[in-house]
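Notes follow the structure.
In what follows, chains carry the letters A, B, and so on, assigned in the order in which the sequence lines appear, proteins first and then strands, with residues in each chain numbered from 1.
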Protein chains: 2
Amino acid sequence: MSNEEQKSLNTKNEVNIENEDRRKFFGKTALIGAGAVVAPMTAAMFASTAQAQRKDIAMSPVVHPGELDEYYGFWSGGHSGEVRIMGVPSMRELMRIPVFNIDSATGWGITNESKAIKGDDYLAGDTHHPHMSMTDGRYNGKYVFINDKANTRVARIRCDVMKTDKILHVPNVQAIHGLRVQKAPYTKYLVCNGEFEIPMNNDGKESLEDVSTYRSLYNVIDAETMEMAFQVMVDGNLDNTDADFDGRYFASTSYNSEMGMNLGEMIAAERDHVVVFDLKRCEAAVKAGKFKTYNGNSVPVLDGRKGSELTRYIPVPKSPHGLNTSPDGKYFMANGKLSPTVSVISIKKLPDLFNDKIKPRDTVVAEPELGLGPLHTAFDGRGNAYTTLFLDSQIAKWNVEDAIKAYNGEKVNYIRQKLDVHYQPGHNHTSQGETRDVDGKWLVVLCKFSKDRFLPTGPLKPENDQLIDISGDEMKIVHDGPAFAEPHDCIMVHRSKIKTKKVWSRDDRMFAATVAMAKKDGVDLMGENKVIRKGKNKVTVYMTSVAPNYGLTEFKVKLGDEVTVVVTNLDMVEDVTHGFCMTNHGVQMEIGPQQTSSVTFKADKPGVQWYYCNWFCHALHMEMRGRMLVQA
Amino acid sequence: MSNEEQKSLNTKNEVNIENEDRRKFFGKTALIGAGAVVAPMTAAMFASTAQAQRKDIAMSPVVHPGELDEYYGFWSGGHSGEVRIMGVPSMRELMRIPVFNIDSATGWGITNESKAIKGDDYLAGDTHHPHMSMTDGRYNGKYVFINDKANTRVARIRCDVMKTDKILHVPNVQAIHGLRVQKAPYTKYLVCNGEFEIPMNNDGKESLEDVSTYRSLYNVIDAETMEMAFQVMVDGNLDNTDADFDGRYFASTSYNSEMGMNLGEMIAAERDHVVVFDLKRCEAAVKAGKFKTYNGNSVPVLDGRKGSELTRYIPVPKSPHGLNTSPDGKYFMANGKLSPTVSVISIKKLPDLFNDKIKPRDTVVAEPELGLGPLHTAFDGRGNAYTTLFLDSQIAKWNVEDAIKAYNGEKVNYIRQKLDVHYQPGHNHTSQGETRDVDGKWLVVLCKFSKDRFLPTGPLKPENDQLIDISGDEMKIVHDGPAFAEPHDCIMVHRSKIKTKKVWSRDDRMFAATVAMAKKDGVDLMGENKVIRKGKNKVTVYMTSVAPNYGLTEFKVKLGDEVTVVVTNLDMVEDVTHGFCMTNHGVQMEIGPQQTSSVTFKADKPGVQWYYCNWFCHALHMEMRGRMLVQA
């Protein structure tokens with residue numbers, strides 16, 4: 001995103017929470033909040049700043065009533081199919097963003113606008129890796145991208161409205177796993193891995209059982225158009241990925257270099273590899289037409305298998321999982337999973353590797369032994385790395401330069417601390433830790449099991465998102481955060497990076513097609529209420545909403561009609577969202593202030609069918625309803 | 001529930017968190033949790049008990065890492081269609097229970113077992129009022145019931161496994177709103193209101209526009225069988241309801257006594273009414289056959305309109321909303337909404353009313369003026385009531401006996417305190433406040449708008465569940481809880497009341513039909529992996545799961561086959577849930593330890609289709625996958 005584009009985001013409609021006046025306003029509200037009768041709660045009543053400054057005491061995660069969190073957390077919702085916005089450090093869920101799931105409340109996957117974005121009727125998804133678009137290695141507040149492993153999709157969330165606006169089904173591959181963005185000079189591309197190995201021509205014929213025809217592809221997607229740029233065929237499968245800070249190299253782990261088809265085969269080799277991609281060489285190859293296409297689509301597929309100029313394969317110990325770039329831009333780190341080590345790859349040695357001046361293992365500058373089951377590594381910007389140890393249920397804090405010295409034979413203890421977490425940690429992330437703005441304040445560890453940490457909830461238990469203060473010399477757990485399936489990964493973005501809209505703009509592209517339909521029908525959405533019969537069995541109903549009234553309190557259709565209801569919320573007041581629910585038809589939707597939403601359903605029940613506002617809007621909310629009269 | 005039944009719940013499989021040994025275990029874990037290297041976090045580092053004992057300082061909502069909440073909160077998820085388990089006072093979401101929604105993670109609405117319970121393919125629901133079954137006016141930990149306003153349904157959640165086990169579509173009415181349980185001697189019935197007015201014969205013919213044929217019905221449902229017991233036809237519509245503590249009287253508000261069809265008509269009258277039902281008289285009438293049936297079903301519909309012996313109509317000021325029984329069993333309270341008053345109805349005067357010894361308004365013993373928009377009232381067991389004032393954005397704390405004195409002409413100020421809340425409060429509830437175990441510690445206020453209380457999240461903002469310490473003389477807000485649409489109502493149940501299962505019992509009725517199918521197919525679910533072709537196009541695949549392996553790593557089907565996959569999780573270890581996801585088919589599901597789950601889908605894509613475990617289970621979780629080979 002250019003500086004101009006960034007600036008153009010600054011409209012009147014934006015919330016700027018760092019704005020001086022607004023902060024004063026918040027302060028005042030907090031006071032009013034605690035009431036004139038009762039003295040306002042002060043920090044001293046919970047943890048105090050004074051306490052936090054004591055060396056042996058952790059920073060408090062408590063955010064008092066009326067105060068704001070410092071960071072937006074973007075949390076994968078795992079197989080819930082959604083993305084969650086968390087407040088950090090309070091670890092409160094501020095919002096759910098439906099992405100690959102069906103959401104009953106907002107009507108995501110039910111409304112015509114969301115169905116046009118989803119493009120399928122799948123009921124499930126499996127999100128893993130949320131990452132924000134960047135400019136010069138820093139979050140730019142524009143988009144969050146997220147993969148769907150379950151159905152081989154990638155989605156984009158607009159951070160001005162915090163809604164999903166694009167979903168791409170990635171062709172030629174199966175199960176999108178690792179996902180990251182190009183960090184510099186800006187996020188031109190998002191990159192992601194096809195994890196599962198399938199025949200390049202997956203037609204269920206000759207290739208079906210011929211594993212030698214199976215491939216995994218690296219996927220490069222244009223971040224603005226959300227269309228495929230190109231794919232790169234590799235040896236082995238692909239797991240996690242990350243990018244450098246110069247916009248040239250991307251690296252992915254492969255845990256199945258064996259191309260095994262079952263557990264025993266997949267873990268047979270003592271070493272698998274990291275594959276490094278050279279973006280410039282890839283772009284040049286596409287430009288030069290050095291690609292093939294498959295399965296009837298036009299996506300350029302480059303051949304990046306061993307021997308290609310596009311890639312290099314760096315052997316690393318057994319079944320590596322996480323791939324993390326240190327925020328100083330120096331290292332790719334591959335986490336060993338079945339090896340107790342993390343392999344530290346020097347990014348500045350990669351040009352020599354690609355120019356065949358050194359061998360792949362020459363790029364490895366450290367391989368510290370940390371404990372059992374290293375999965376992911378985070379950073380504090382002070383030279384320390386934090387690696388989750390799944391089997392040990394620990395975080396290992398270690399010093400990168402000391403690990404390099406040890407690798408070079410010096411007698412140095414690179415381990416700084418090991419901290420028990422609860423239990424079986426997967427991803428971890430530090431506040432802004434994947435960017436140049438890494439600040440070394442908070443570490444979140446997403447624990448896969450919670451066991452005895454919360455009130456028991458039956459056979460299914462929550463996960464545990466633990467918040468750890470890393471601002472001092474020692475890590476300290478300050479909060480246990482129960483979470484529904486499954487916070488797979490997360491990022492923490494300083495609130496100064498994000499500017500949201502207070503109400504919808506009438507020219508928003510989310511409902512532009514519906515606005516165009518109304519125009520074609522000659523209907524002024526901002527004032528007209530109209531029922532239009534289209535052909536024999538189709539009826540379109542246009543209505544406005546202003547709390548506590550719909551523009552229409554009744555309309556008539558015939559049994560069997562396909563009814564499209566279009567509601568335009570004329571309310572200008574921030575936070576006054578309306579709903580539209582047609583009882584006994586299984587459909588409902590959100591209509592935010594100044595938004596237009598529409599839903600289509602079959603009027604398959606005769607008689608009086610009430611519709612009502614299901615988003616509490618007014619003291620007379622219960623009375624905000626009307627009748628669809630269905631003539632038999 | 002009898003004492004015997006209650007005792008029979010106590011099996012080996014139960015978690016009893018009040019158990020002495022287990023508490024010690026938790027203590028130990030908490031210590032280990034904080035690590036050997038770092039000193040454990042102590043309460044003093046955040047709020048301290050000592051502080052909480054100071055009179056001017058609130059109780060802390062902070063629950064330290066490794067400690068447990070004191071209360072289970074059961075929260076309606078509003079139009080998200082789910083129920084949430086919250087920890088109180090930490091206000092952390094411990095679990096989501098899918099009910100009327102489709103849940104991508106657990107496969108609720110996707111698996112065969114959940115579809116059999118749901119009985120429809122609706123994608124949305126609108127839950128409002130969660131209430132737990134009781135014995136002698138105290139929570140018994142067995143079931144939580146919840147309404148669906150959107151699609152006229154009622155659901156039951158089993159608290160041993162925290163899953164929905166029954167959903168009933170209520171006939172003859174539209175939009176189930178208020179819901180409560182019979183409190184004593186035990187919850188034989190749950191009761192709920194049909195809110196919207198529809199023709200008794202809603203066939204879209206003569207009655208369609210003849211509003212004089214429109215009715216609302218009170219619904220009485222057998223809590224064990226979840227079948228309709230009977231319905232009572234009333235004058236006016238029905239909004240909220242509650243029960244007495246003797247098992248005889250139920251009362252509901254009606255905001256539309258006018259039977260108006262639009263806002264103006266609905267709010268025309270200065271007084272609407274509370275309708276009181278006499279359960280014994282209703283049961284006798286059903287027994288005596290004094291009922292009609294409608295719409296081709298056999299549900300007895302009693303006539304409880306004005307003049308009936310079954311009901312009494314008590315006039316109360318304008319458009320009453322909430323109906324709350326005081327936990328001393330003395331009063332029904334109707335909250336005025338468009339009147340600034342709450343009408344206090346003496347339950348002990350109801351026999352005289354039903355015997356025509358007094359007039360309806362003679363039962364009203366107080367009508368305190370509290371502020372604008374009273375919606376719901378909660379209680380502290382010390383004689384005080386807490387009423388939400390929607391328009392004023394306040395809680396009014398008032399003394400009930402003083403309000404009665406004032407109504408009798410004494411000069412008494414019954415208002416104890418007014419506290420600003422943020423903003424527009426709807427339901428409120430105190431800890432165990434609808435039962436004899438009311439303890440007056442916490443008040444939760446569910447605010448419909450949050451405005452500036454949280455980091456901005458775009459046009460859609462969270463609601464705000466505020467936690468208020470009511471243990472002292474003054475109410476104090478101690479926590480702002482952002483929440484996704486829409487915590488409509490909640491209850492708080494002491495943890496000692498609930499005993500959950502650690503793992504599934506193999507004879508659980510949730511998957512009994514699937515177990516029976518396997519038996520018929522001659523398959524031993526606890527060990528066999530088998531593919532059975534049934535007829536031309538149907539295939540049933542039985543497989544086991546033990547981390548990190550499925551019993552089958554490949555199976556073959558033909559393009560177009562209807563495939564049913566049945567997975568039995570043999571893991572005995574608490575918290576080791578497996579998933580099953582068939583990539584690119586939009587289906588996935590949860591299989592808890594010792595559970596059997598199944599899903600049916602069409603194999604509509606040729607070639608290699610990988611399935612995988614999407615519930616993180618093991619260090620080799622990524623490798624837990626297999627191939628469905630689809631022959632073209």
Side-chain angles (χ1 to χ4, degrees), chain A residues 15 35 38 46-47 57 65 79-81 92 94-96 101-102 104-105 122-124 126 150 161-162 175 196 198 202 204 262-263 266 373 390 419-420 448-449 454 456-459 461 474 477 480 482 484-485 500 504 553 575 581 583 586 588 592 606-608 610 614 616 619 623 630 632, chain B residues 15 35 45-47 65 79-81 92 94-96 101-102 104-105 122-124 126 150 161-162 175 196 198 202-204 262-263 266 373 390 419-420 448-449 454 456-459 461 474 477 480 482 484-485 500 504 553 575 581 583 586 588 592 606-608 610 614 616 619 623 630 632:
Chain A
V15 181
V38 189
F46 303 131
I57 288 193
H79 33 300
S80 76
R92 296 174 297 181
L94 300 177
M95 185 51 60
R96 302 183 191 172
N101 56 323
I102 304 294
S104 166
Y122 288 166
L123 301 177
D126 186 10
V161 291
M162 297 297 180
F196 296 160
I198 55 168
N202 199 18
N262 58 47
L263 179 66
M266 289 182 197
F390 183 84
L419 177 71
D420 287 345
K448 300 295 184 183
F449 297 88
F454 306 111
T457 55
K461 295 178 188 303
E474 286 178 352
I477 296 176
D480 275 11
F484 185 68
T500 57
W504 287 89
T553 54
D575 213 358
C581 173
T583 51
Q588 57 192 18
V608 177
W610 285 91
N614 56 347
F616 214 103
E623 288 82 354
V630 185
Chain B
V15 181
M45 292 181 191
F46 300 132
H79 32 299
S80 76
R92 296 173 296 182
L94 301 176
M95 184 52 60
R96 300 183 194 174
N101 57 323
I102 304 293
S104 167
Y122 288 166
L123 301 176
D126 185 10
V161 292
M162 298 297 180
F196 295 160
I198 56 167
N202 199 18
D203 63 358
N262 58 49
L263 177 66
M266 289 181 196
F390 183 83
L419 178 70
D420 287 345
K448 300 296 184 181
F449 296 88
F454 306 112
T457 55
K461 296 180 187 304
E474 285 179 352
I477 296 176
D480 274 11
F484 185 68
T500 57
W504 287 88
T553 54
D575 213 359
C581 173
T583 51
Q588 57 192 18
V608 177
W610 284 91
N614 56 347
F616 215 104
E623 289 82 355
V630 184

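- Per-residue counts of heavy-atom pairs under 4.5 Å with chain B were compared for A:P459, A:A175, A:P482; the largest is that of A:P459.
- Not one N or O on the side chain of B:E623 forms a donor-acceptor pair closer than 3.5 Å with the backbone of A:M266.
- Of all the heavy atoms in A:N101 and A:S80, the pair that sits closest is CB-O, 3.2 Å.
- Shown here for B:F449 and A:D575, the closest heavy-atom pair between the two residues is CE2-O, 3.0 Å.
- The backbone N or O of B:A124 sits nowhere less than 3.5 Å from a side-chain atom of A:Q588 that would complete a donor-acceptor pair.
- When A:A485, A:G592, A:A619, A:C581 are compared by the number of non-hydrogen pairs under 4.5 Å with chain B, A:A619 comes out ahead.
- Remark: side-chain polar atoms of B:T583 are paired, donor with acceptor, to backbone N or O of B:W610 under 3.5 angstrom.
- Looking at A:V630, only its backbone comes within 4.5 Å of chain B, counting heavy atoms on both sides.
- For chain B, the option among A:A632, A:G373, A:A150 with the highest count of heavy-atom pairs below 4.5 Å is A:A150.
- Proximity to chain A is limited to the side chain of B:F390, based on heavy atoms less than 4.5 angstrom apart.
- A pairwise comparison of heavy atoms in A:L94 and B:F454 identifies CD2-CB, 3.9 Å as the closest pair.
- When B:M162, B:R96, B:K448, B:M95 are compared by the number of non-hydrogen pairs under 4.5 Å with chain A, B:R96 comes out ahead.
- The candidate from A:T457, A:L123, A:V608, A:D480 with the greatest count of non-hydrogen atom pairs under 4.5 Å with chain B is A:V608.
- Your options are A:S104, A:G607, A:P606, and the one with the most heavy-atom pairs under 4.5 Å with chain B is A:S104.
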